[in-house]
Amino acid sequence: QSHATTTKPVTITFWHGMTDQHQVTLNHLISQFNHSQTRYKVVASGQGNFANLQQKITAAAKSQTLPTIAQTAYTNVPTYVQGGFVTPLTPYLKTSDLKDVYPVFLDSASYRGKTYAFPFSKSARVLFYNRKLLAQTGLRIPKTWSELAQDGEKVQVQGLTGVAFDQSFMSELDDLIQQTGTPLVSDKLKVNANSQSALRATHVITDMLNAKTATTAGTDGYGSTQFFAGKTLFYCGSSAAIPIVQASAPKGLKWGTAPLPSYRGRHATSIAGNDLVLFKSASTAQRKVAAAFMKFMLAKPQTTYWAQKTGYLPLTKAAQKDANYQHYLAQHPTAKAANQSLPFGFQDVAFLGYPQYLVALSQATDKMASQHQSPKKAMGTLQTQTEKIIQQNR
Amino acid sequence: MLNAKPTLKSTLIALLYLAPLLLIVGVFTLWPLITTFLMSGYTHYNYFTNHVGGLGMVNFQFLWHDPDFHLALRNTLFFVIGVVPATVFLALGAALLLNRLPQLATFFRTVYFLPFVTSTVAISLVWNWLFHRDNGLLNALLRTHVDWLNDPHYALGALIIVCIWQNLGFNIILFLAGLNHLDPRYQAAANLDGASTWQRLTNVTWPLLTPMTVLITVNAIITNFKVFNQIYALFHGTAGPANADITLMYYLYQKFYVENQYPVAAACGVVLFGLILLITGLAALYFHRHAWWRGGQRG
Amino acid sequence: MKSVKLSLTYLVLTLGALTMLLPFVWMLVTSLQPAATTFTGPQLRLPPAWQWLNYPRAWHAAPFARYCLNSLVVTLTTTVGQLVTSILAAFAFTHLRFYGRRILFNGLIALMMVPGELLLIPNFITMTRLHWVDTYAALIIPWLASIFAMFTLRQAFNTASATTYYAARLDGASNWQYLWQILVPANRPTITAVAVLQIIGSWNAFMWPLIITNFPRLRTLPVGLVTFTSETGTDYPLLMAATVFVIFPLLILYLFLQKYLIAGITRANLKG
Amino acid sequence: MQVQFTDITLRYAQQTVLDRLNFTVQDGELVALLGPSGSGKTTLLNLLAGLLTPSAGHLLFNGTDVTHQDPRHRHVGMVFQDYALYPHLSVLDNIAFPLKMAHVNRATRYAQAQKYAQLVHVDDQLTKFPRALSGGQQQRVALARTLIKQPALLLLDEPLSNLDAALRLELRDEIRRIQRLTGVTTLLVTHDQDDALRIADRIIVLANGRIQQSGTGAALYRHPQNQFVAQFIGTPPINLIDVAAIRPFIHAEIPPERLQQAATFGIRSEALTFTTTNQPILGQLPITLERQLQIGRDQQTLVHSPIGRLISSQVPLTGTQSPTTLFLQAAGSFLFAADGRCLWDGDADA
Amino acid sequence: MQVQFTDITLRYAQQTVLDRLNFTVQDGELVALLGPSGSGKTTLLNLLAGLLTPSAGHLLFNGTDVTHQDPRHRHVGMVFQDYALYPHLSVLDNIAFPLKMAHVNRATRYAQAQKYAQLVHVDDQLTKFPRALSGGQQQRVALARTLIKQPALLLLDEPLSNLDAALRLELRDEIRRIQRLTGVTTLLVTHDQDDALRIADRIIVLANGRIQQSGTGAALYRHPQNQFVAQFIGTPPINLIDVAAIRPFIHAEIPPERLQQAATFGIRSEALTFTTTNQPILGQLPITLERQLQIGRDQQTLVHSPIGRLISSQVPLTGTQSPTTLFLQAAGSFLFAADGRCLWDGDADA
Ligand SMILES: Nc1ncnc2c1ncn2[C@@H]1O[C@H](COP(=O)(O)OP(=O)(O)OP(=O)(O)O)[C@@H](O)[C@H]1O
Ligand SMILES: Nc1ncnc2c1ncn2[C@@H]1O[C@H](COP(=O)(O)OP(=O)(O)OP(=O)(O)O)[C@@H](O)[C@H]1O
Ligand SMILES: [Mg+2]
Ligand SMILES: [Mg+2]
């Protein structure tokens, strides 16, 4: 990498997986950053969708041609650390720089005591509801999963479906088990997939599926397809999808969002999305620029702008309290639910082998959904698989 | 010439002709293959730092014990057996029909070629619709209520149909090129010799088309063993309901790019490679016995 | 009898043609739908209003003009290159005698079986070693050889008349001249078929161009199509609009090459 | 099978190859088709076989219109000019092919094929593929393949052109024998007039898209209807002289008005004799001997005369005494009009 | 160019086609190669052209060993038995192809091609592709293509087999003329003995992998070295009779020990005469006439005699008086040993 001279700005490269409007928004912010001073320059380039981006990072890491920073999921961090090509942000970002960030974003972003991931494009799962059907059936927005299940039974006789999930209900399952107090995989990497409480939580969803009061999207991909057909009361989806749902909802369909119901008196909503990581190959100067860029993104105007334009969650408390953003929420009430979920948001613990675990989880849910495998069996398999994965990667 | 034997000189000359191809294939196919073979034997391997913990059969043992791999293997074999013969015969049939059209041949040829250029996304969406349980055309026509894509019993069949359909255009073009090369005199002679259309096909056209059939069969075996994109598109990024459509290639992809299990993926690649080699070898052997009339000189 | 058979032929072909046409029609119709309507699931229904503006919108969503140029350059060079290397190799395999001919040929066929996904990263590493990342060389050179094309041409050359070869050699043609002046023109339909297939292959190549380039400057059309998908869904109308103009050149080309797929001269009237 | 051409025309893109042809071949007849290269003989056979459809006109088999009938149902056997052997079948399988198509069982058809292979002397090549056969062997296999199916109409397109003299005679006679035996209507295209004259019941001369003459070999030779036929039939070729040049030498009586109309005078080589016989003589020609050629037991003499160079086949090989005059016999002399019509025929009219 | 075969052997998989062949063709000579179908004539030409490499032995051109030389550098022109025209080139381009390979400029080569097309009378077919030509037209194009390059060695594999008699004569003489003019060494394979006898300086008879005899046409006809040659050359074929059967009818002196050794007696058709001439006579045969055939100006008579059926070409067409005896001339009579060798030749030895 070229050394910074007084005249030439230090340039860092940034690979991301943002497309279409999100990319436009991102580019706008980056050019703001580049114009805000003359010493640094961020050069961003889109690398396709997230799957493509992952492949590029793998290839670049292998051939040592990584950019300075890249967008990736914090759950990849353990792999990157093991590969030895990612560097902690701590020396460049002081705790004070991050103090305003919602803790949920940072808690699991640290690995082995060091922070590697910087939250970037984050979303939460929310409950979409069909206003008209709700009014018709005289139901209220469910506060708990059991309410949701009962609602499903109630409307079934009218030929309506209670709730639609996406292709896989693993986020919802993750939430439910989290709400039992013992997460699927604990911070100490203890696996609780087939614990009594986890199985009970699993039954909440599988019972609905078996009773046909709930459906999964299958090859439709997203439950919204079902939801739009107007025969489904609720839809569990990502807050990131709200803008798209907005654009494609049929004319007559009136809908709203709410935080996901609670289970056993507890609220927990999983936060998904991507983070930024800094690669070891970057020079010290570049690392500093990267830090500067991250700080820039955390600043109130940028964060609110980002959240408003993309529908992702605002990263800092300050941003959420920002009048501007509150005004935006008032105008876009559907965006509220995700924000309301932030206080009880959580993220999975990251560990080496997490991607394998995720595949196993998705297979388990899939087996329960499409083969009606019993939770005991599916979760039992998941338990042994996950334990083995953790064991092997220790 | 006719009975020439290879010499050192002729070998050198031939190598000159082969050099460009060999060079590129060597660098961009053979070399990666070798590294893959090597990687499949690494244990405790750090892909990024290139640290090799040791050598062994661990990765193959992993495959041996992995039920997903078994499923992938079974699905792949089933899929290939389902697709290849159908592909070859349907393409041949369509090419023969297209070849004898007095009118509109251009139009039909273009239409049959369309799926080949139409984007996989559009195709998978349309098939998603055709196969859809509630508002799908297939169920409407068959008066059934089958969830083709989300029922593990049907999902592999659906994939087979889509793959046959999509590769048809490609193979039709090749068969048409092959048919074009046939000398019409043989058809005329057979016609006079009293051969019916069917007899002409089985006794004259088909044997004379052997070179093209070999090509298409071998190619179909290879591409279908490596099927991946169609699965990915048709099942929205998954391997079908309950892994019903997981194939070796999908397994490999998942292990490599999703689960970061690089040596396992390499081992799967080796198995896949060996398997295709075996089956293609058998097919080639079969055809070889039927094509030796071309004479020992060339062939 | 003949006409019954013929109408049956037409019937069967027309039914087949309809299924072949369907995705294409669907693509066209979808490309004219208002934004995001197809999110309600795939179905063939006419758009309430034809959104012709989808096309310019899609065109401007990514630097398609630049992509188009790159695609053209890459497709042309790789196709021509592949044809040349394959023709040379196929000729050697069919017309030259040399040691190890069988083994070498079978070895190459075996290499066809290597899954492409395994090649991606090793080749990427090769490219970085060569410092070819972000160059046309990286986009083109690895694709200058195709075993499949070689295999196809070899099968065609194998059936060429042997005496014509001898005649040409006696007429003073070198192997090289025979190859280009007799063998290649005489196998025009097969060569065209191979070319068409390669063109489509190169034109639709996605993963390699994306991996090997870091900036839009060198990217090709299929990379542009990613613009319309995101983690939460796909903008099908725009994607289809873009797809239409991405594949349009292929269709035109195919229609143009169609007549070369059929050998006009060797299929002249039947002769005794 | 009786074959009838009615007003058949065949055009290729630019060229009319057959022009309103009318003729009939009787059931069981063996007709030889003669004609210059490119005159449409193969085309005519292809029409009969159904491989070509006439541009106009009708083709009748036993009175039934078969113009548009499928070749397969015509029961026609054909030896193609370029053989068209199936390259993927061995000699035995090639010969047995028509029987296989007729679902004859394996043992019977191979036995039959063996028999026909013997007939054409390729029984030592049975396992070879066509590629490994010599030209003549291929031709014989093609002949065997055609004969084995015992067609109702046999079309032979120069079936013996690549065979040596001995084999050619043998197979020619064999074809004739089989034809006689089975009574199959046969059309034989040949360039060998010897073959035609010897085995055909009738010869048809085709040229310029039309039938020039049809008749027995002797009739064509001795009474050609036009200059083309006279010129085409017979070796050495007929001597053709300008009538004006020869007139002074003719003493016998030729109808003067004929002589008036005529443009060309034709003299067969055997009509120029060294001695007089009991045949009528038209005149005498002073000559000088130019060259004599012995071919087998045959000799030809090239002489120089006031009316140009002439060929005679009746001058004995000369040791010492060289002839100075030749007699012009009436038999073998013809008068042709400018349009080619034969006006006077020394054999018939004198 | 002088061509020399030394001990050349050629084997295919199972079969030895040429067996230790030795012969020389002198510079400028035109040699005709005769032999039964499948005897290896094409194989021999392929050896000369370099398309085949002998299994053993050496091939010398002007004394230089060219056994392993590339065909391209041999300056050989060849008309293939199956023509081998380039299917995608028009007639004109086909003919011009060798000149194109020699980098002759476009205008010149087309002018030349036009000229040669005229020579073989295909100048009205120049824009057609080979598939649209008749068999004879294709053959002529092949001939033109070979002649145009003016090779140092001309190999013609039955170049006229598909042409009508008139054209055949014309082109045969044309080939001879060109050959004389350019002095190109030429090997001509033909089944037409007439052609061979007429234009070849020398004839080589090939059979059973060996050269049976080589010499002028007359020599081969009149003094065959073995029974094969006697049988092979000449139409109608020679009459062959068991010596024992004919012995009683022979009155003239034939060396008795020869007669003892001999197995077969051969009589040419013209050696059976109706009248005596000044030629020596061996004896007289009582006959009954079976059939007479008039072919053109030639007649053949099949007679029945105590020694079997015989063919004579010297019996005049009989009106009323039918002959009852025929004379057996010495010239045209041969004695052959059981192994085929000629023991006694009535022309030379009597
Ligand atoms: N490629 C081959 N493999 C095996 N045998 C062959 C091959 N080519 C020719 N022969 C055999 O060699 C012999 C000589 O063949 P060749 O073609 O030289 O005969 P020819 O004298 O030209 O006959 P013809 O007059 O019929 O053309 C034949 O018996 C033929 O069957
Ligand atoms: N497919 C075609 N297209 C155009 N012209 C053709 C075609 N086939 C044949 N001809 C022409 O038609 C004429 C007659 O051809 P045909 O093959 O019938 O002749 P032929 O009498 O068999 O001659 P040969 O004795 O040389 O075989 C020739 O002038 C030939 O050039
Ligand atoms: Mg012909
Ligand atoms: Mg030959």
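Below, chains carry the letters A, B, ... as their sequence lines are ordered, and counting in each starts from 1.
- For B:L97, the parts lying near chain C are the backbone and the side chain together; criterion is any non-hydrogen pair under 4.5 Å.
- Contact annotation for residues 239-248 of chain C against chain B (heavy-atom separation below 4.5 Å, listed by residue number): C:L239, C:M240, C:T243, C:I247.
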Query raised in the report: Going through the checks in order, is the side chain to side chain contact (heavy atoms under 4.5 Å, CB included) test met by C:W176 and B:Y17?
Result: CA-CA 10 Å; C:W176 185 258; B:Y17 279 84; 3.9 Å; yes
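- Minimum heavy-atom separation, C:A92 to B:A14: CB-O, 4.1 Å.
- To the nearest 0.5 Å, atom OG1 of residue C:T159 and atom CG of residue B:L182 are 8.5 Å apart.
- At a 4.5 Å heavy-atom cutoff, C:W203 makes no contact with chain B through either its backbone or its side chain.
- Taking each heavy atom of C:L111 and B:V25 in turn, the nearest pair found is CD1-CG1, 3.4 Å.
- In this structure, C:I147 CD1 and B:I24 CD1 are separated by 11.0 Å, a value rounded to the nearest 0.5 Å.
- The candidate with the highest count of non-hydrogen atom pairs below 4.5 Å against chain B, out of C:A193, C:A17, C:G100, is C:A17.
- Of the two parts of C:L225, neither the backbone nor the side chain holds a non-hydrogen atom closer than 4.5 Å to a non-hydrogen atom of chain B.
- We find the OG1-CG distance between B:T29 and C:L118 to be 11.5 Å, quoted to the nearest 0.5 Å.
- For the set B:V218, B:L130, B:L18, the entry with the most heavy-atom pairs within less than 4.5 Å of chain C is B:L18.
- Between the side chain of C:Q155 and the backbone N or O of B:M212 there is no donor-acceptor pair closer than 3.5 Å.
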Hey, can you pull the donor-acceptor pairs under 3.5 Å for the side chains in residues 166-176 of chain B, sequence neighbours left out?
from	atom 1	to	atom 2	distance (Å)
B:Q166	OE1	B:Q230	NE2	3.0
B:N167	ND2	B:C163	O	3.3
B:N171	ND2	B:N167	O	3.2

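- For a residue to count as touching a neighbouring chain, one of its non-hydrogen atoms must lie under 4.5 Å from one of that chain's; by this rule B:L248 does not touch chain C.
- Neither the backbone nor the side chain of B:F131 has a heavy atom closer than 4.5 Å to any heavy atom of chain C.
- The line from CG of B:N229 to CG of C:N204 is 10.5 Å long, rounded to the nearest 0.5 Å.
- The only member of C:L88, C:L108, C:L144 that meets side chain to side chain contact (heavy atoms under 4.5 Å, CB included) when paired with B:L21 is C:L108.
- Around atom CD1 of C:I252, more than 12 heavy atoms belonging to other residues, nucleotides or ligands sit under 6.0 Å away.
- To the nearest 0.5 angstrom, B:F256 atom CZ is 10.0 Å from C:E117 atom CD.
- The two residues C:T85 and B:P20 make their nearest non-hydrogen contact at CG2-CB, 3.5 Å.
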**Report entry** Evaluation steps, side chain to side chain contact (heavy atoms under 4.5 Å, CB included), between C:M113 and B:L275
**Finding:** CA-CA 9 Å; C:M113 298 158 199; B:L275 206 62; over 6 Å; no
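- In this structure, the portions of B:L215 lying under 4.5 Å from any heavy atom of chain C include both its backbone and its side chain.
- Evaluation of the side chain to side chain donor-acceptor pair (under 3.5 Å) rule for B:T213 yields no partner, not counting sequence neighbours.
- In this structure, no portion of C:L18 lies under 4.5 Å from any heavy atom of chain B.
- Applying the side chain to side chain donor-acceptor pair (under 3.5 Å) test to B:Y250 and every residue at least two apart in sequence or in another chain returns nothing.
- For the pair C:P122 and B:T35, the minimum side-chain heavy-atom distance is below 4.5 Å.
- When atom types are taken as modelled, the side chain of B:K5 and the backbone of C:F98 share no donor-acceptor pair closer than 3.5 angstrom.
- If you measure heavy-atom distances from B:I276 to chain C, the contacts under 4.5 Å come from both the backbone and the side chain.
- Looking at B:L252, only its side chain comes within 4.5 Å of chain C, counting heavy atoms on both sides.
- Distance alone, capped at 3.5 Å, is enough to place a donor-acceptor pair between the B:Y112 side chain and the C:L13 backbone.
- Heavy atoms closer than 4.5 Å to chain B are found in both the backbone and the side chain of C:V12.
- With a threshold of 4.5 angstrom between heavy atoms, B:F228 approaches chain C through side-chain atoms but not through N, CA, C or O.
- Below 30°, between 30° and 60°, or above 60°: for B:F113 and C:Y254 the angle between ring planes is below 30°, a parallel geometry.
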**Report entry** Trace of the side chain to side chain contact (heavy atoms under 4.5 Å, CB included) decision for C:M27 with B:V126
**Finding:** CA-CA 9 Å; C:M27 188 169 77; B:V126 167; over 6 Å; no
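- Looking at C:T126, only its side chain comes within 4.5 Å of chain B, counting heavy atoms on both sides.
- The CG atom of B:L114 lies 9.5 Å from the CE atom of C:M20; values are rounded to the nearest 0.5 Å.
- Within the 4.5 angstrom heavy-atom criterion, only side-chain atoms of C:F91, from C-beta onward, approach chain B.
- Between the side chain of B:S10 and the main chain of C:R97, a donor-acceptor pair closer than 3.5 Å is present.
- Proximity of B:F28 to C:W143: side-chain heavy atoms (C-beta onward) are nowhere separated by under 4.5 Å.
- When heavy atoms are compared at a cutoff of 4.5 Å, C:L250 approaches chain B solely by way of its side chain, counted from C-beta outward.
- The greatest number of non-hydrogen atom pairs below 4.5 Å with chain C, out of B:L98, B:T36, B:T110, is found for B:T110.
- Two residues are said to be in side-chain contact when any heavy atoms from C-beta on lie closer than 4.5 Å; B:V111 and C:F24 fail this criterion.
- Options C:T190, C:V114, C:L119 differ in how many heavy-atom pairs under 4.5 Å they form with chain B, and the most are formed by C:V114.
- With hydrogens and angles left out, the side-chain atoms of C:T19 and B:W165 include a donor and acceptor closer than 3.5 Å.
- The most heavy-atom pairs under 4.5 Å with chain B, out of C:L120, C:I121, C:I109, come from C:I121.
- The backbone N or O of C:Y99 lies less than 3.5 Å from a partner atom in the side chain of B:T11, making a donor-acceptor pair.
- Between B:T223 and C:F148, every side-chain heavy-atom pair lies at or beyond the 4.5 Å cut-off.
- For a residue to count as touching a neighbouring chain, one of its non-hydrogen atoms must lie under 4.5 Å from one of that chain's; by this rule C:N106 does not touch chain B.
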